[in-house]
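Numbers restart at 1 for each chain; the letters A, B, ... are given by sequence-line order, proteins then strands.
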There are 2 protein chains.
Amino acid sequence: MSTHGTTAAQGEQPRWLDAEEQRAWRAWLYSAQLLLDRLDRELVRETGIPHTYYEILVALSETEDHMLRMSELADRCLSSRSRLSHAVSRLEERGWVRRQVCPDDGRGQLAVLTEEGFAALEAAAPVHVEGVRAHLFDQLSPEQVAAVRDVGETLLRHLGPR
Amino acid sequence: MSTHGTTAAQGEQPRWLDAEEQRAWRAWLYSAQLLLDRLDRELVRETGIPHTYYEILVALSETEDHMLRMSELADRCLSSRSRLSHAVSRLEERGWVRRQVCPDDGRGQLAVLTEEGFAALEAAAPVHVEGVRAHLFDQLSPEQVAAVRDVGETLLRHLGPR
DNA sequence: GTGGAATAAGTGAGCCCTCAACTACGCTGC
DNA sequence: GCAGCGTAGTTGAGGGCTCACTTATTCCAC
């Protein structure tokens, strides 16, 4: 048993996967897990920055003034508020991000990228991009890259905006 | 700055991503994160079984006698030995898996799926497959599904077997 | 058969994430 | 001007994972 199978333990008959779907699903799942894992490990090993931290630094660096509201930052990093709050606390300890009360909303906080944080990001970016090239783009033909984008954007329309 | 950029802080010039690659990478990353997250959450919510546990139960159920050596099980689940050891301990507490010394190698342990574990899997499988359908296959054309498989298997040849 | 390397698995400290409170502020209507 | 509700963010307990280390067994050369 797994995602295919012949026994249904429910009222509605489950729409089991056929052999082709099974292969597609497993290939997607394993490759996604391995790729995410590999990129994270290499980044940590070579720069000491986990991918989750990296994403936060990137999001901040992409704004005009290197700062974002906590909730906006959480959305851009596909992170829960709580997770982001913990993560920013840890980044503060490293001196890479600083918190600042939001001028136009007393409830809000701004996460601000520090000089040190920007420097850490600059050091990590080449490592990260090299990983993405080596393990993704270098392995795929232009047609496959186009398909990756197409499938990804299709799924995002379903799963996203949120 | 991010995975594109114009400043290189290294000897070797980083091979930055162009705009198209950037889009492909982000689409892939976000869709992968959202899909994995969504499937796990739905499975936990409706069955109380996290996806990592589910994968272990599936791997065991797919063998002839519903048992596997710990290290073989770890490989099939793309899990570290340590992680699997912890996970199997938790599954033992739920009564879904049982450990048993390996007859032909005194160092080895066999993880054995129990009746209760199999029943839990049978209950969870329809929920899981429905999630995979709803969030993956129902969203994609047959051509896109073929591309997913093709890309996944290509990446696996690079990332996998280990 | 014995010493030593290799292999199988488990353990525990520490980090990260989730979930469910909780605090603090803002907004509206009366 | 304050009651009540919604929103922004934080907190802490608890679970899961990683990493380095430990224990137990097997393999092999001699």
Side-chain angles (χ1 to χ4, degrees), chain A residues 33-34 36-46 48-57 60 67-94 96-112 162, chain B residues 33-34 36-46 48-57 60 67-94 96-112 162:
Chain A
Q33 289 181 160
L34 287 171
L36 290 170
D37 197 61
R38 184 86 158 242
L39 291 174
D40 185 50
R41 277 169 191 281
E42 290 183 358
L43 195 61
V44 169
R45 185 162 49 76
E46 294 183 38
I49 307 180
H51 194 260
T52 35
Y53 290 11
Y54 183 78
E55 282 189 271
I56 294 172
L57 300 180
L60 290 174
M67 57 179 69
L68 276 175
R69 288 287 293 264
M70 293 297 284
S71 43
E72 176 63 22
L73 184 54
D75 288 348
R76 296 198 190 188
C77 296
L78 303 181
S79 172
S80 70
R81 313 284 162 106
S82 171
R83 163 149 77 134
L84 184 76
S85 190
H86 286 296
V88 165
S89 299
R90 293 185 300 260
L91 288 172
E92 261 187 318
E93 285 169 17
R94 292 196 186 198
W96 292 351
V97 170
R98 160 169 58 79
R99 267 183 247 245
Q100 188 176 301
V101 284
C102 185
D104 36 285
D105 187 342
R107 295 166 302 180
Q109 289 279 108
L110 289 167
V112 188
R162 170 79 341 256
Chain B
Q33 289 181 161
L34 286 170
L36 290 170
D37 197 63
R38 184 86 158 244
L39 291 174
D40 185 50
R41 277 170 191 282
E42 290 183 358
L43 195 61
V44 169
R45 185 162 49 75
E46 294 182 40
I49 308 181
H51 193 260
T52 36
Y53 290 11
Y54 183 78
E55 281 189 274
I56 294 172
L57 300 179
L60 290 174
M67 56 179 70
L68 276 175
R69 289 286 295 265
M70 293 297 284
S71 43
E72 175 64 22
L73 184 53
D75 288 347
R76 296 197 190 190
C77 296
L78 303 181
S79 172
S80 70
R81 312 283 163 104
S82 172
R83 163 149 75 134
L84 184 75
S85 190
H86 286 298
V88 165
S89 298
R90 294 185 298 260
L91 288 171
E92 262 186 318
E93 285 168 17
R94 293 194 185 199
W96 291 351
V97 170
R98 160 169 60 79
R99 266 184 248 245
Q100 189 176 300
V101 285
C102 185
D104 35 285
D105 187 342
R107 295 167 301 181
Q109 289 279 111
L110 289 167
V112 188
R162 177 75 342 156

Protein-nucleotides 19-22 of chain D N/O pairs under 3.5 Å:
{"residue": "D:dC19", "atom": "OP1", "partner": "A:Arg41", "partner atom": "NH1", "Å": "3.3"}
{"residue": "D:dC19", "atom": "N4", "partner": "B:Ser82", "partner atom": "OG", "Å": "2.5"}

Strand-adjacent residues in residues 98-111 of chain B, judged by heavy atoms under 4.0 Å from DNA chain D: B:Asp105, B:Gly106, B:Arg107
[X] [atom1] to [N] [atom2]: how many Å, rounded?
| X | N | atom1 | atom2 | result |
| --- | --- | --- | --- | --- |
| A:Leu91 | C:dC15 | CG | C1' | 13 Å |
| A:Glu72 | D:dG9 | CD | P | 10 Å |
| B:Asp40 | D:dG15 | CG | P | 17 Å |
| A:Tyr53 | C:dC17 | OH | P | 7 Å |
| B:Leu78 | D:dC17 | CG | C1' | 15 Å |
| A:Asp75 | D:dT7 | CG | P | 14 Å |
| A:Ile56 | C:dC16 | CD1 | P | 11 Å |
| A:Met70 | D:dA8 | CE | P | 13 Å |

Atom CD1 in A:Ile49, atom CD1 in A:Ile56: separation rounded to 0.5 Å? 11.5 Å
If we only count heavy atoms from C-beta on, is the [X] to [Y] side-chain gap below 4.5 Å?
| X | Y | result |
| --- | --- | --- |
| A:Asp75 | A:Arg81 | yes |
| A:Arg41 | A:Asp37 | yes |
| B:Leu36 | A:Leu36 | yes |
| A:Pro50 | A:Asp40 | yes |
| A:Val88 | A:Gln109 | no |

Between C:dG10, C:dA9, D:dT10, which one does the side chain of B:Ser85 approach most closely? C:dG10
Between C:dC17, D:dC17, D:dA8, which nucleotide has the shortest distance from any of its atoms to the side chain of B:Thr52? D:dC17
On the nucleotide D:dG9, are OP1 or OP2 found under 4.0 Å from the side-chain N or O atoms that A:Arg69 carries? yes
Between D:dC17 and B:Arg90, is there an OP1 or OP2 to side-chain N/O distance shorter than 4.0 Å? yes
Regarding A:Ser89, tell me which of base, sugar-phosphate or nothing describes its non-hydrogen contacts under 4.0 Å with the strands shown. nothing
Taking all non-hydrogen atoms of both residues, which atom of [X] and which atom of [Y] are closest, and how far apart?
| X | Y | result |
| --- | --- | --- |
| B:Leu84 | B:Met70 | CD2-O, 3.0 Å |
| B:Leu110 | B:Met67 | CD1-SD, 3.9 Å |
| B:Arg94 | B:Gly48 | NH1-O, 3.2 Å |

